[in-house]
There are 2 protein chains.
Amino acid sequence: MSPEQPLEGAGKSLFSLQRRERLMEELRAHGAITVRAIAAKLGVSELTIRRDVNILADEGLVSRVHGGATLPSRLDRSATGARPQQHSYSIGMVVPSLDYYWPQVISGARAEAEEQNLRILVRGSAYDAADNRRQVQALLDTQNIDGLIVAPDLTGEVGQELLRWLNALPIPVVLAERRSPGENPAHRLEWVATDHAFGAGMAVRHLWQEGHRQIGCLTDSSSPTSPHVVRGWRQALAALKIPADGAVHEDSAKLPTGGRAAHFDHVLELCRTTVTTAMLVHSDTQAVAFVQHCVDRGLQVPGDMAIVGYDDEVAYLAEPAISAVRPPKQYVGKVAVQLMAARLAEGRMRPVHRIELNPELILRESSIGGPRVPAAGALQESL
Amino acid sequence: MSPEQPLEGAGKSLFSLQRRERLMEELRAHGAITVRAIAAKLGVSELTIRRDVNILADEGLVSRVHGGATLPSRLDRSATGARPQQHSYSIGMVVPSLDYYWPQVISGARAEAEEQNLRILVRGSAYDAADNRRQVQALLDTQNIDGLIVAPDLTGEVGQELLRWLNALPIPVVLAERRSPGENPAHRLEWVATDHAFGAGMAVRHLWQEGHRQIGCLTDSSSPTSPHVVRGWRQALAALKIPADGAVHEDSAKLPTGGRAAHFDHVLELCRTTVTTAMLVHSDTQAVAFVQHCVDRGLQVPGDMAIVGYDDEVAYLAEPAISAVRPPKQYVGKVAVQLMAARLAEGRMRPVHRIELNPELILRESSIGGPRVPAAGALQESL
DNA sequence: TCCGAAACGATCACACTCGAACAAATGAGA
DNA sequence: TCTCATTTGTTCGAGTGTGATCGTTTCGGA
């Protein structure tokens, strides 16, 4: 009805805004305030406070009551009527790869976004923190983003700086498949991540139950997942009282071109000397190659060498098909969007959520049936 | 602190909306209330409570009965008819206390259950694992439970056995404010818990920012929360490079009756010799008593001794009002029910979720404004 | 079925709060 | 400098929440 009433933020002096901010602070601290007390505290008239309360109540930030205001309450029926502004939000999503691992995460996120009536904008970035930040900045600048889902590299000083920067953004941020320390530079960040350590442990315990007593680990440290897999593997060994210093642990990062076959032979030699009959291989791509290599060298899989892959993109394609730990990628995306939707709907009152999801162990042929003892014999013949 | 005491009666009167909110909380926590009890608890006349009940009944939020009110029931024929749907699932909930901490958790759970159209059956149990198991068994036997939310004592061998038993139950189980190891005996259990260590750390960092350099900790190890608080306190000290071995850490469990004052004096003496100017006090009830003791001994709060309470039940009642870490109790219940609802809807395909919630730091007077240096002077006079 | 105790609600009284109307102060822009 | 829009303060009648009284209704046990 009032044609010249300015929209939010147009003509209000900083002073009144500060006062309202202060009012909200008091409200959060005490749960409720009286007009009289606040007026005295801030040194203004009660009427001014009442007007502030009315403004805040119109925005749904407080509930008006006779004599003061309280935090918004469902019992406040004036609020229930004026709340159908279910205005739909846009979420930006920046992931480090658009062809490996992340497509499924994105797919889960997209499905949930549709469900929640949210728009989602996906961008790929390089794995390094600097490019990640550029991509996020681009999204912030060009699109109208209400929230951000991101999976940056957080290692090193650059990563920590990025973490601080993300934490200070004016929009909510959810990390996917990344963890932030609860501590200070990241206390506002929420995340959802697969418990890779649990997944690795599950694989080790499965191999143990199949009768293996020496269980090795072959990883690719160029992946950010790798440290968690190694940690889970070590913890499981410790829990099963397998001495970790005698266990085979090799890494295939930074091999020279064509050096893979030689490295695999090296690994098999180590397995022979340590009587290792089972391997957990990170990245199922590598697991497929490793199984192929074993077969080529005349080893029976799983008879001479049982194998569980970590990750389940192509594991089923190998011959024999590879048992694999499958991270709940779809759910990582889905839960990330759920977190974001809830955050956007509920605002600051909602506590920070940090969610771990357990992966699943998919059993196929490469690990079923115990080791042939002595396994060392077959290994010896093959080399 | 006796719960009968009308704490709010003395000058801390509630607004009508808060009163109704409180009433609903009591109702959800206990299932039913009497006008008389609530009137006494809130320090208002019975007539006022009756009027509140009428208002809530008009909105269909409660069912009126002679002498009090209950949660809305289908048998209540005054119900507005908007209740044609049957409950989809029934959830059992067993918590270790019905008067402390847990009522708010239950309230959050009930609110969410209503939202999700679930029935929820609450039982209290003793803190020990054996009784917990009995209560769960009773629910399983007599009711038709589709899921279970439970908060058992998991320490010791008995606790581990209980964990195995819960894990093997044929219905989904969600732990509230308890963590299960990801490992084998509990791989199916989901949980939601407050990150108390983070909360304690947040308090310590706040005190550090206010200028305190020796920050002590006063706990009550009879509470299962206590170890996490101590851990967070230690970690924060380490992160801030405060030597932990010189820090004051006292526990008030198992004091002789009337020994509290003597113990507080002992604590203050320790603070004096170690130049400790700030304390994190677990259980805000104890924090209130401690603040009172400091004031009685002539110490300025926060000038001579800054105090942050852990937990926020009565912290605001102290003089000066106490800054406190507030666990998101309502959300613990709410998220537990959300987990259960999603599990019941999606079945085994859904990965196991494990959720940590961050508490919030409510800043009040007892910790704002740095220490007066040298603080030792005032302490010395007081002893 | 009856009876006593308790709970209930209509009414009034009181204290306090609310908001409209108007006035004064402040700041921005012509 | 003036003017106009905005914000803040004052006054006062209307409105609201609460409690006390008291007659009526409801409950539960004999």
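Letters A, B, ... mirror the listed sequences (proteins, then strands); counts begin at 1. These figures come from a predicted structure and were not determined experimentally.
Rounding to the nearest 0.5 angstrom, the gap separating the CD atom in B:Glu25 from the CZ atom in B:Arg20 is 15.0 Å.
To the nearest angstrom, C1' of D:dT8 lies 16 Å from CG of A:Leu23. The CD-P distance, from B:Gln18 to D:dG17, rounds to 14 Å in whole Å. In this structure, CD1 of B:Ile55 is placed 8 Å from P of D:dG17, rounded to the nearest angstrom. Going from atom CG of A:Leu42 over to atom P of D:dG9 covers 11 Å, rounded to whole Å.
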*Can you check each nucleotide of nucleotides 5-12 of chain C against protein heavy atoms at under 4.0 Å and return B for base, S for sugar-phosphate only, - for none, in 5' to 3' order?*
--SSS---

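Salt bridge B:Glu360/A:Arg348: absent, no basic N to carboxylate O contact under 4.0 Å. Under the 4.0 Å criterion applied to side-chain N and carboxylate O atoms, B:Lys41 and B:Glu26 are assigned as salt-bridge partners. Note on B:Arg364 versus B:Asp312: salt bridge recorded, some NZ/NE/NH1/NH2 to OD/OE distance being below 4.0 Å.
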_B:Tyr310/B:His196 under side chain to side chain donor-acceptor pair (under 3.5 Å): CA gap, chis, key distance, verdict_ = CA-CA 9 Å; B:Tyr310 197 94; B:His196 293 303; 2.5 Å; yes

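When the side-chain nitrogen and oxygen atoms of A:Thr48 are compared with OP1 and OP2 of D:dT8, none of them lie within a distance under 4.0 Å.
Nearest heavy atoms, B:Ala306 versus B:Leu207: CB-CD2, 4.0 Å.
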